[in-house]
Amino acid sequence: MKQHVIIVAGGKGLRMGGDLPKQFLPLAGKPVLMRTMENFFSFSQKINIILVLPQAHQEYWHNLCEEYSFVVPHRIADGGETRFHSVRNGLALVDDEDAVVAVHDGVRPFVSHDVISRCFDMAAAGKAVVPVTGVIETLRLVEHNGMSVTVPRDSYRLVQTPQVFPAQMLKEAYSAGYREEFTDDASVVEAMGQSIELAEGNRENIKITTPFDMVVAEALWKCPYHPAI
């Protein structure tokens, strides 16, 4: 079954405190976004990579590709007003329904190939799949009155990407109108009554959002083993 991945890279980098969007920041000498795309291409050279970028960033991206001699094949879709609209624009470039589609954050370069493979296999069996990891810290729930209570961490999971779905399922879900409660692709699919299956993720699959995350990412890159394999 044909595999597609929509890589969403619409971040403005505000939490990084600089003018350069976080997906373009260098990780071990190359933009984070390129590291992410190379990871999927090394997983499978047959995968169809669709990069979703705001129009205002596309010329800069083309210049980066020339500067770094970046040759991973991909197509570009325009970023939208929200993540929902960006993913929908990327889906428009998926022209076959007998396929599986992953949606991945452009600033998650360390998802392991085992996780990618596991999620694609489950989606190929007709499931809507989300990779997750367990919670290791104690959690407290802040209530409306300002008081807080400890909640059982075994009841919670941290959600990652890629979130992977049969193409027809994902297209049907995104044909509906936008709602503010849509925080990820699973919430869009869930809104049409589809149950979500959880797959084991990898803890190194961090979302690079803050300067501290960049420090962690540089350390992960220098590990004796590379997390993204």
Side-chain angles (χ1 to χ4, degrees), residues 1-13 16 18-80 83 86-87 89-96 99-120 123 131 160-164 167 202 204-209 213-214 217-229:
M1 188 172 286
K2 190 170 183 181
Q3 298 173 339
H4 304 262
V5 58
I6 297 171
I7 296 180
V8 184
K12 296 180 174 63
M16 281 292 183
D19 295 330
L20 189 64
K22 56 196 175 187
Q23 61 267 27
F24 301 135
L25 291 174
L27 171 60
K30 188 178 289 188
V32 170
L33 182 54
M34 289 184 181
R35 296 297 188 192
T36 301
M37 294 172 67
E38 286 174 340
N39 188 17
F40 276 88
F41 189 62
S42 66
F43 166 74
S44 171
Q45 294 190 5
K46 296 180 180 179
I47 198 168
N48 176 35
I49 299 176
I50 299 167
L51 174 60
V52 184
L53 276 177
Q55 287 185 336
H57 294 171
Q58 290 178 18
E59 182 179 357
Y60 182 69
W61 171 250
H62 290 308
N63 291 337
L64 283 177
C65 289
E66 289 186 12
E67 179 181 348
Y68 289 90
S69 300
F70 186 68
V71 294
V72 171
H74 62 282
R75 292 185 290 168
I76 295 179
D78 292 340
R83 189 181 190 281
S86 292
V87 173
N89 289 349
L91 270 174
L93 298 184
V94 176
D95 51 11
D96 52 333
V100 285
V101 182
V103 184
H104 190 66
D105 298 320
V107 289
R108 287 188 188 266
F110 294 116
V111 60
S112 74
H113 288 183
D114 283 345
V115 171
I116 298 171
S117 179
R118 186 179 305 124
C119 292
F120 270 127
Q160 301 181 334
T161 66
Q163 299 183 6
V164 191
N202 64 297
E204 303 91 348
N205 184 17
I206 63 171
K207 184 177 183 180
I208 299 174
T209 305
D213 297 332
M214 282 300 304
E218 290 285 354
L220 283 172
W221 192 268
K222 296 173 184 176
C223 281
Y225 70 95
H226 197 298
I229 59 174

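Between Trp61 and Ile76, some side-chain heavy-atom pair lies under the 4.5 Å cut-off. Looking only at side-chain heavy atoms (C-beta outward), Val111 and His104 come within less than 4.5 Å of each other. Here the side chains of Pro109 and Val32 are in contact, with some heavy-atom distance below 4.5 Å. For the pair Ile50/Val94, a side-chain contact is recorded, criterion being any heavy-atom separation below 4.5 Å from C-beta on. Between Lys207 and Asp213, the closest side-chain pair of non-hydrogen atoms is not below 4.5 Å. Contact annotation: the side chain of Thr36 never approaches that of Gln23 to less than 4.5 Å [non-hydrogen atoms, C-beta and beyond]. Side-chain contact between Arg75 and Leu51: absent, with no pair of heavy atoms (C-beta onward) separated by less than 4.5 Å. With contacts defined as side-chain heavy-atom distances shorter than 4.5 Å, the pair Arg83/Val103 qualifies.
In this structure, Pro73 and Ile49 approach most closely via the heavy-atom pair O-CB, 3.8 Å. When all heavy atoms of Ala167 and Val101 are compared, the pair lying nearest together is CB-CG2, 3.7 Å. Pro162 and Ala102 get closest at one heavy-atom pair: CB-CB, 3.9 Å. Across Pro54 and Ala9, no two heavy atoms sit closer than the pair CD-O, 3.5 Å.
No hydrogens or angles considered: a donor-acceptor pair under 3.5 Å links the side chains of Asp96 and His4. Ser44 and His113 share no donor-acceptor pair across their side chains, judged by distance under 3.5 Å alone.
No donor-acceptor pair under 3.5 Å is formed between the side chain of Asn63 and the backbone N or O of Gln58. Looking at Arg118, its side chain never comes within 3.5 Å of a backbone N or O of Pro131 through a donor-acceptor pair. A donor-acceptor pair under 3.5 Å links the side-chain atoms of Glu218 to the main chain of Ala28, judged by distance alone. Formation of a donor-acceptor pair under 3.5 Å by the Arg108 side chain with backbone atoms of Ile208 is not found in this model. Side-chain atoms of His62 do not come within 3.5 Å of backbone N or O of Glu66 as any donor-acceptor pair. No side-chain donor-acceptor contact under 3.5 Å links Ser117 to the backbone of Asp114. The main-chain N or O of Asp78 is found under 3.5 Å from a side-chain atom of Asn89 such that the two form a donor-acceptor pair. Of the possible polar contacts, one joining the Asn202 side chain to the Ser112 backbone as a donor-acceptor pair under 3.5 Å is found.
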Run the side-chain contact (heavy atoms from CB on, under 4.5 Å) test on Ile47 and Phe120 for me, step by step, so that the C-alpha distance in whole Å, both residues' side-chain angles and the decisive distance to 0.1 Å come before the verdict.
CA-CA 11 Å; Ile47 198 168; Phe120 270 127; 3.9 Å; yes

Verify side-chain contact (heavy atoms from CB on, under 4.5 Å) between Val107 and Leu33, making sure each step is shown before the conclusion.
CA-CA 6 Å; Val107 289; Leu33 182 54; over 6 Å; no

Between Leu64 and Met34, does the side-chain contact (heavy atoms from CB on, under 4.5 Å) criterion hold? Intermediate values first, please.
CA-CA 9 Å; Leu64 283 177; Met34 289 184 181; 3.9 Å; yes

Val115/Phe43 under side-chain contact (heavy atoms from CB on, under 4.5 Å): CA gap, chis, key distance, verdict
CA-CA 11 Å; Val115 171; Phe43 166 74; over 6 Å; no

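Lys22 has no carboxylate O lying under 4.0 Å from a charged side-chain N of Asp105, or vice versa, which leaves the two without a salt bridge.
Scanning for ring-ring contact (aromatic ring centres under 6.0 Å, His included) contacts around Phe24 gives His57, Tyr60, with sequence neighbours left out.
Atom CH2 of Trp221 and atom CZ of Arg35 lie 4.0 Å apart (nearest 0.5 Å). Atoms CE and CD1, on Met214 and Ile206 in that order, are 9.0 Å from each other to the nearest 0.5 Å. One distance of note links CZ of Phe40 with CD1 of Ile7; it measures 5.5 Å at 0.5 Å rounding.
By the neighbour-count criterion of 12 heavy atoms within 6.0 Å, atom CD of Glu59 is sparsely surrounded, having that number or fewer from other residues, nucleotides or ligands.
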